[in-house]
Participant: 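Got a structure for you, questions after.
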Amino acid sequence: MTSSQGSAGGGAAGGPGRGGAPPEAANFIQAIIREHEKSGRFGGRVHTRFPPEPNGYLHIGHAKSICLNFGVAQEFGGLCNLRFDDTNPTKEEVEYVESIEESVRWLGFDWEERLFFASDYFDQLYAWAVQLVRQGDAYVCDLSADEIREHRGTLTRPGRNSPYRDRPVAENLDLFERMQAGEFADGSRTLRARIDMASPNLNMRDPVMYRILHASHHRTGDRWCIYPTYDYAHGQSDSIEGITHSICTLEFENHRPLYDWYLERLGIHHPQQIEFARLNLSHTVMSKRKLLRLVEEGRVSGWDDPRLPTLVGLRRRGYTPQSIRAFCARIGVAKFNSTIDMSWLEDAARDDLNARAPRVLGVLRPLRVVLTNLPEDRVVELDAVNNPEDPAAGTRKVPFSRVLCIEQDDFREDPPPKFFRLAPGREVRLRYACIIKCEEVVKDAGSGAVVELRCTYDPATLGGRAPDGRKVKGTIHWVSSAHALPAEARLYDHLFLKPDPEDVAAGEAFAAGLNPDSLQVLRGCLVEPSLASAAPGDHFQFERLGYFCVDPLDSGPGRTVFNRTVTLRDSWAKVEKKQAVAPPP
RNA sequence: UGCCCCGUGGUGUAAGCGGUAACACUUCAGAUUUUGGUUCUGAAUUUCCAGGUUCGAAUCCUGGCGGGGCAACCA
């Protein structure tokens, strides 16, 4: 039994232990499965599946479903399949199949040899359709799409039977055979389930099972010109694979009676469909349609734009699979429609990266600092710890010399209260180096901008500690000008200004809610020389700034681009904000 | 004006058969700190409403109210 690998997410963190362990908090899906295990339904087996349609890129919402399906299987010692729901050749492409596989693998899940396609089952599905026709449970309907809609009735009014509903079985068989043989034009006929046109559930009003589509399929080519609908294909595919728990999102709740109906009429293995609430994240959009729009209208650079909630985007942004899995475990699973604040995702990234990302010194907006009492040719190699959370990460050397750069934000000519950084006449500690004192501020004659600080360093404090015990509250990051490497940094913010992108004035397109500052490109950054060996995709913590990831696409020889995954928590920013709202007397 | 689902602190979730609300995050206040990071301590706040059943209801029943979904030959 390999059920204790635990951490990989899905449901409550850790999950319940197996075999007689006291009951732990579980989400409602785990509770249902436990119930089934107890009652012996499915013979104690648990087999799930993640069933994407290959018509777009995976996003964080899919990650929730992936973690749930693979997680629950893992936890109960079961299996999870990857199955592409490829029943609509007009929308689906191989390009998506490949990207989806890659994303699931990247997230850390393994479907082993169980990669399936609904299209693998087209022959079986067809045979079952014939069976239903024979049983009088399905018929060929000559109504057009418009006519079908018209016959369906409305939410409050029952529908009317199709005039073709009572066709003799032999005629149905013949017609269906000829549909399949390509005798009829697209849309001219359908195969429909014969259920109940007066059902209060519209899905039961003789739903379409097969439509004529003379389209080439990415896997079956031109073998078929009729294709099963989702409702007819999905449950039967589950059945074929021996799925026990068919987990899907809430909008399929009303489809469950139909899911059950097909399986019952066919008399085949009958999985349990369970619905859960899809993930909504603040400040972004999740629907394929809207994501596609952002990409097509050029509001983002592509599907992997680091501002997008797509898995390829998050990956490029610097999110690790672990952080995404932890996030999915933390948000839980329920049937209530909720919106999770983006800060939860960001926290998950901080949590994970804090433990693993090596620390480096990098300056985003450099301000020149000259140490007037340090000889020009003097270079000191200082020891810096790579990760205080992980002693095994060791230390590295950082060069220190007369001309340095510090962050512009770390100097204030007129410091507000509680500002612990550098200011005229004040002292600050340079991380891993020494304490310096600002003696003089050099300004640009024209603009009045501060262009250089002339400081002195205290040789007694080399290493950072003051032997006289004097307290220096601030510690700032820095870089040696002569040794630093140039870099570009991309700072990201929410794609949308408001938590709910739909919350725009009447008549305004949702694009109006886009945050104009969601991307800020900084080209004059300077980073410590050890970063010369940074590889694409590497994660770092720029001390005091945030977590950054080497952009795999735009970095190359002679050019390093860092994507800011997320900032560090910044309690000074909070203090400052408060001061701005209510300035001290 | 039909059917289905849902309603627990600010947020997200828990409380197998009804037993007296918990966890995480956020917030606030401290401590530690050569990252205003991390970590640690403490505090604050909760069962949509109204009836009913019961010794006892977040849990069961009824009725409201509120939110979501459904009328593709999409998934």
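The model shown is predicted, which means the values in this text are computed figures rather than measured ones. Only this structure's heavy atoms are used, side chains among them; waters, hydrogens and symmetry mates stay out. Residue numbers begin at 1 in each chain, while the letters A, B, ... track the order of the sequences.
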Participant: Please confirm whether A:H245 and A:H36 have ring centers closer than 6.0 angstrom.
Facilitator: yes
Participant: Give me the residues of residues 50-60 of chain A where at least one heavy atom lies under 4.0 Å from an atom of RNA chain B, by number, or none.
Facilitator: A:E53
Participant: Got a sec, which residues hit salt bridge (charged side-chain N to carboxylate O under 4.0 Å, His left out) with A:R165, two or more places apart in sequence or on another chain?
Facilitator: A:D206
Participant: Using the C1' atom as the point on both nucleotides, what is the distance between B:rG9 and B:rA15, in whole Å?
Facilitator: 15 Å
Participant: Listed by chain and number, what are the side-chain contact (heavy atoms from CB on, under 4.5 Å) partners of A:R149, not counting sequence neighbours?
Facilitator: A:D146, A:R152
Participant: Between A:E183 and A:R189, does at least one N-O distance fall below 4.0 Å, as a salt bridge requires?
Facilitator: no
Participant: Is A:R330 paired with A:D347 through a side-chain N to carboxylate O contact shorter than 4.0 Å?
Facilitator: no
Participant: Side chain of A:T156 only, please: which of B:rC28, B:rU1, B:rA72 is the nearest?
Facilitator: B:rU1
Participant: So what does the secondary structure string of RNA chain B come out as, 5' to 3', with Watson-Crick or wobble pairs under 3.5 angstrom, [ ] for crossing and | for pairs with another strand?
Facilitator: .((((((..((((.....[..)))).(((((.......)))))....(((((..]....))))))))))).....
Participant: Could you tell me whether A:T339 contacts a base, only the sugar-phosphate backbone, or nothing, with contacts defined as non-hydrogen atoms closer than 4.0 Å?
Facilitator: sugar-phosphate
Participant: What distance, rounded to whole Å, do you find between the two C1' atoms, one in B:rG18 and one in B:rC61?
Facilitator: 13 Å
Participant: When every nucleotide of nucleotides 35-43 of chain B is labelled 5' to 3' by its protein contacts under 4.0 Å (heavy atoms), B for base, S for sugar-phosphate only, - for none, what sequence of letters results?
Facilitator: BBBS-----
Participant: What residues form a side chain to side chain donor-acceptor pair (under 3.5 Å) with A:R205, not counting sequence neighbours?
Facilitator: none
Participant: Under the side chain to side chain donor-acceptor pair (under 3.5 Å) test, which residues partner A:R160, sequence neighbours left out?
Facilitator: A:E150, A:H151
Participant: Please work out which of the three classes, parallel, tilted or perpendicular, describes the rings of A:F400 and A:Y457, given edges at 30° and 60°.
Facilitator: perpendicular
Participant: Going by atom types alone, do A:Q272 and A:Y259 pair a side-chain donor with an acceptor below 3.5 Å?
Facilitator: no
Participant: Should A:F117 and A:H217 count as side-chain neighbours, where that means a heavy-atom distance under 4.5 Å?
Facilitator: no
Participant: Taking atom C1' in both B:rU20 and B:rG36, compute the distance separating them and give it to the nearest angstrom.
Facilitator: 44 Å
Participant: Against A:D458, only a single residue in A:R465, A:R429, A:K437, A:R470 fulfils salt bridge (charged side-chain N to carboxylate O under 4.0 Å, His left out); can you say which?
Facilitator: A:R470
Participant: B:rA71 base to A:H151 side chain: any donor-acceptor pair below 3.5 Å?
Facilitator: no
Participant: With rounding to the closest Å, how many angstrom separate the C1' atoms on B:rA58 and B:rA14?
Facilitator: 11 Å
Participant: Could you give the distance separating B:rG19 and B:rA29 at their P atoms, to the nearest angstrom?
Facilitator: 39 Å
Participant: What residues from residues 182-195 of chain A pass a heavy-atom cutoff of under 4.0 Å to RNA chain B?
Facilitator: A:G187, A:T190
Participant: Along nucleotides 58-67 of chain B, 5' to 3', which nucleotides get a B, which get an S, and which get a -, given that the test is a protein heavy-atom distance under 4.0 Å?
Facilitator: ----------
Participant: Apply side-chain contact (heavy atoms from CB on, under 4.5 Å) to A:P158 and list each qualifying residue two or more places apart in sequence or on a separate chain.
Facilitator: A:A198
Participant: Going by the rule side-chain contact (heavy atoms from CB on, under 4.5 Å), which residues pair with A:F28 if we only count those two or more places apart in sequence or in a different chain?
Facilitator: A:I32, A:I274, A:F276, A:V333, A:K335
Participant: Any side-chain N or O of A:R256 under 4.0 Å from OP1/OP2 of B:rG69?
Facilitator: no
Participant: Any non-hydrogen side-chain atom of A:L58 less than 4.5 Å from a side-chain atom of A:F50?
Facilitator: yes
Participant: Would you say A:R205 places a side-chain N or O within less than 4.0 Å of OP1 or OP2 belonging to B:rA71?
Facilitator: no
Participant: Which residues pass the side-chain contact (heavy atoms from CB on, under 4.5 Å) test with A:H283, not counting sequence neighbours?
Facilitator: A:M342, A:H494, A:P499
Participant: Counting any heavy atom closer than 4.0 Å, what does A:F252 reach on the DNA or RNA strands: base, sugar-phosphate only, or nothing?
Facilitator: base
Participant: Quick test of your reading of the model: are A:R421 and A:E576 salt-bridged, counting only N-O distances below 4.0 Å?
Facilitator: no
Participant: Would you mind classifying the nucleic acid contact of A:T87 as base, sugar-phosphate or nothing, using non-hydrogen atoms under 4.0 angstrom?
Facilitator: sugar-phosphate
